[in-house]
**Q** 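Take a look at this one; I'll ask things after.
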Amino acid sequence: MAEVLVKVPKGEKITFKDGVPQTPDIPIIGFIEGDGTGPDIWRAAKHLFDSAVEFCYGGKRKVAWMELYAGEKAQKLANTYLPEETLEKIREYRIAIKGPLTTPVGGGFRSLNVTLRQMLDLFACVRPVKYFPGVPSPVVNPHDVDVVIFRENTEDVYAGFEVPSGSEEAKKIIQFCKKEFGWNIRPDSGIGLKPISESGSKRLIRAAIKYALRHNRKSVTLVHKGNIMKYTEGAFLNWGYELVRQEFSDVAVCWSDCNGNPGEKLLVKDTIADIFLQQILTRPREFDVIATMNLNGDYMSDAIAAQVGGIGIAPGANINFETGSAIFEATHGTAPKYANLDKVNPSSLILSGVMMFEYIGWDEVSEVILRAMKKTFHDRIFTYDFARLTTGATEVKCSEFAKAVVARLSKNPE
């Protein structure tokens, strides 16, 4: 029997009714510190989270944090990078938040982030990208960027169906493709499959449309490379438009059905991925909610985040909108050379926490944290990454940044 690592604190589970979280006054929420700089940013973020909850509710509510284990800490304690107990607890308690986890490049174990998404079927990676005044940006008009990316999380080339060059498996696949389809694949090729399903595409696009409607957004853009990959990415596009006509015709309309004039309805349109990456720079106001596949979404999320300051300030959530389960996460890497230096920017994890509190219905907490962060940035109080790019900035440590935000907590919208 595997060793029990997780200690369940006193509190109650978050449950779901008709897809809506039913959050008790003391909800049990899991957390994974993460590797590298993960413990630094988690300590800072947790201090802010607890302070904001206390500020809003005066002790009537609080989070019962339950530590879960993955990555290097799990390997040391349980001789595995992802204990089954961690997966079981997330399935049971539904909501968790995590720091960055180590992933080897070009070999070793597969990405723990991808594994968590696939094992828990967290099919939507949701990444809001919006500018905070005062944050240094490489573009002229970063304030024009206000998008929410819905990236399909479980399919595409990230599904893990690949074999190395020269392997017996690769030889068999190459021979099969030659015999059955007449495909000439170079014999020294590594082989990977790119599954894109109708069910996977529609549930992701459905979630994006529902989000756009709930948040009074004006459009959903399907981003694809269907001009080249016609039966995978092209199918994603076709299934998306089919979904609009079948399930949302009373509230949404496809571009081709209205010539770009949706009236009071939500407009659903599309663009090719490479064109999108140009236009999000030149005409960012034309994009609102974006739905796309796994690989496209990975590239796009980081590229758009760069326009508002970088992935150090980019939040993210992995959500199954059908079961309610969700993991909120820092979207950047582990930066091991900065580990334990109390140096890096905790904003990505903090803003992921903002998403989490909004998701569980504690909007007051989300709002006061956002207001306090805006004031902190306005006062040019930055960790080193932003301070080095800003004239007249006050450079602070990771923990000091969180304390600066706590000091600016206010219920005054102004």
**Q** Apply the side chain to side chain donor-acceptor pair (under 3.5 Å) test between Asn318 and each candidate in Arg151, Arg117, Lys98; give the one that qualifies.
**A** Arg117
**Q** Can you confirm whether His215 sits close enough to Tyr211 that some side-chain heavy atom of one is under 4.5 Å from a side-chain heavy atom of the other?
**A** yes
**Q** Between Lys194 and Asp156, does at least one N-O distance fall below 4.0 Å, as a salt bridge requires?
**A** yes
**Q** Classify the side-chain pair Ser325/Asn320 by whether it contains a donor and acceptor separated by less than 3.5 Å.
**A** no
**Q** Using 4.0 Å as the upper bound for N to carboxylate O, is an ion pair formed by Glu242 and Lys202?
**A** yes
**Q** Does Tyr57 have Arg61 sitting over its ring (NZ/CZ under 6.0 Å from centre, angle to axis within 45°)?
**A** yes
**Q** Quick one: do Asp385 and Arg388 make a salt bridge, cutoff under 4.0 Å?
**A** no
**Q** How close do Ile41 and Ala330 get, counting heavy atoms only, and between which atoms?
**A** CD1-CB, 4.1 Å
**Q** Are Lys62 and Phe49 in a cation-pi setup, meaning NZ or CZ lies under 6.0 angstrom from the ring centre and within 45 degrees of the ring axis?
**A** no
**Q** Does a side chain donor of either Asp144 or Tyr131 reach within less than 3.5 Å of an acceptor in the other side chain?
**A** no
**Q** Please say whether more than 12 non-hydrogen atoms of neighbouring residues, nucleotides or ligands are located less than 6.0 Å from NE2 in His378.
**A** no
**Q** Report the C-alpha separation of Thr383 and Glu395 in whole Å, then their side-chain angles, then the decisive distance to 0.1 Å, and conclude whether the side-chain hydrogen bond (donor to acceptor under 3.5 Å, both in side chains) test is met.
**A** CA-CA 5 Å; Thr383 47; Glu395 181 174 337; over 6 Å; no
**Q** Kindly give the heavy-atom pair with the smallest separation between Val268 and Ala252, and that separation in Å.
**A** CG2-CB, 4.4 Å
**Q** Yes or no on salt bridge (Lys or Arg N to Asp or Glu O under 4.0 Å) for Asp379 and Lys375, after CA distance, side-chain angles and deciding distance?
**A** CA-CA 6 Å; Asp379 293 340; Lys375 290 178 182 178; over 6 Å; no
**Q** Quick one: do Lys172 and Glu169 make a salt bridge, cutoff under 4.0 Å?
**A** no
**Q** Quickly, which of Phe377, Phe386, Phe382 forms a ring-ring contact (aromatic ring centres under 6.0 Å, His included) with Phe401? Name it, please.
**A** Phe377
**Q** Does CZ in Arg245 sit with more than 12 non-hydrogen atoms of other residues, nucleotides or ligands closer than 6.0 Å?
**A** yes
**Q** Between Ser201 and Glu152, does any side-chain donor sit less than 3.5 Å from a side-chain acceptor?
**A** no
**Q** So, for Thr376 and Ala404, which heavy atoms are closest and what is the spacing to 0.1 Å?
**A** OG1-O, 3.8 Å
**Q** What do you reckon, is NZ of Lys210 surrounded by more than 12 foreign heavy atoms closer than 6.0 Å?
**A** no
**Q** Please step through side-chain hydrogen bond (donor to acceptor under 3.5 Å, both in side chains) for the pair Asp188 and Ser165, ending with a clear verdict.
**A** CA-CA 5 Å; Asp188 57 347; Ser165 170; 5.8 Å; no
**Q** Taking only Lys NZ, Arg NE, NH1 and NH2, and the carboxylate oxygens of Asp or Glu, determine whether Arg127 and Glu329 approach each other closer than 4.0 Å.
**A** no
**Q** Can you tell me if CH2 on Trp65 sees more than 12 non-hydrogen neighbours from other groups inside 6.0 Å?
**A** yes
**Q** If we ignore angles and hydrogens, is there a donor and acceptor under 3.5 Å between the side chains of Thr80 and Gln75?
**A** no
**Q** Could you tell me if Asn296 and His224 have a donor-acceptor pair between their side chains, going purely by distance under 3.5 Å?
**A** no
**Q** For the NZ atom on Lys397, are there more than 12 heavy atoms of other groups (residues, nucleotides or ligands in this structure) within a distance under 6.0 Å?
**A** no
**Q** Is it true that, when you exclude Tyr299 itself, more than 12 heavy atoms of the residues, nucleotides or ligands shown sit nearer than 6.0 Å to its OH?
**A** no
**Q** Would you say that more than 12 heavy atoms from the other residues, nucleotides or ligands in this model lie under 6.0 Å from the NZ of Lys403, or not?
**A** no
**Q** Tell me if a side-chain donor or acceptor on Thr86 pairs with a main-chain N or O of Leu82 at a distance below 3.5 Å.
**A** no
**Q** How close do Ala64 and Ile26 get, heavy atom to heavy atom, and via which atoms?
**A** CB-CG2, 3.9 Å
**Q** Does the salt bridge (Lys or Arg N to Asp or Glu O under 4.0 Å) test come out yes or no for Lys7 and Glu67, once each step is laid out?
**A** CA-CA 7 Å; Lys7 297 179 180 179; Glu67 183 167 12; over 6 Å; no
**Q** Between the side chains of Asn345 and Tyr384, does any donor sit under 3.5 Å from an acceptor?
**A** no
**Q** Which heavy atom in Cys56 sits nearest to a heavy atom in Val368, and how many Å separate them?
**A** SG-CG2, 3.6 Å
**Q** Is it the case that atom CZ in Arg186 sees more than 12 heavy atoms from other parts of the structure closer than 6.0 Å?
**A** no
**Q** Is Glu286 paired with Lys218 through a side-chain N to carboxylate O contact shorter than 4.0 Å?
**A** no
**Q** Quick one: do Lys225 and Asp274 make a salt bridge, cutoff under 4.0 Å?
**A** yes
**Q** Does any N or O in the side chain of Asn294 come within less than 3.5 Å of the main-chain N or O of Tyr158, such that one atom is a donor and the other an acceptor?
**A** no
**Q** Locate the shortest heavy-atom distance separating Tyr241 from Lys269; write the atom from each residue and the value.
**A** OH-C, 3.2 Å
**Q** Salt bridge check, Lys73 against Glu33: does any charged N sit closer than 4.0 Å to a carboxylate O?
**A** yes
**Q** Between Arg217 and Asp146, is the closest basic N to carboxylate O distance under 4.0 Å?
**A** yes
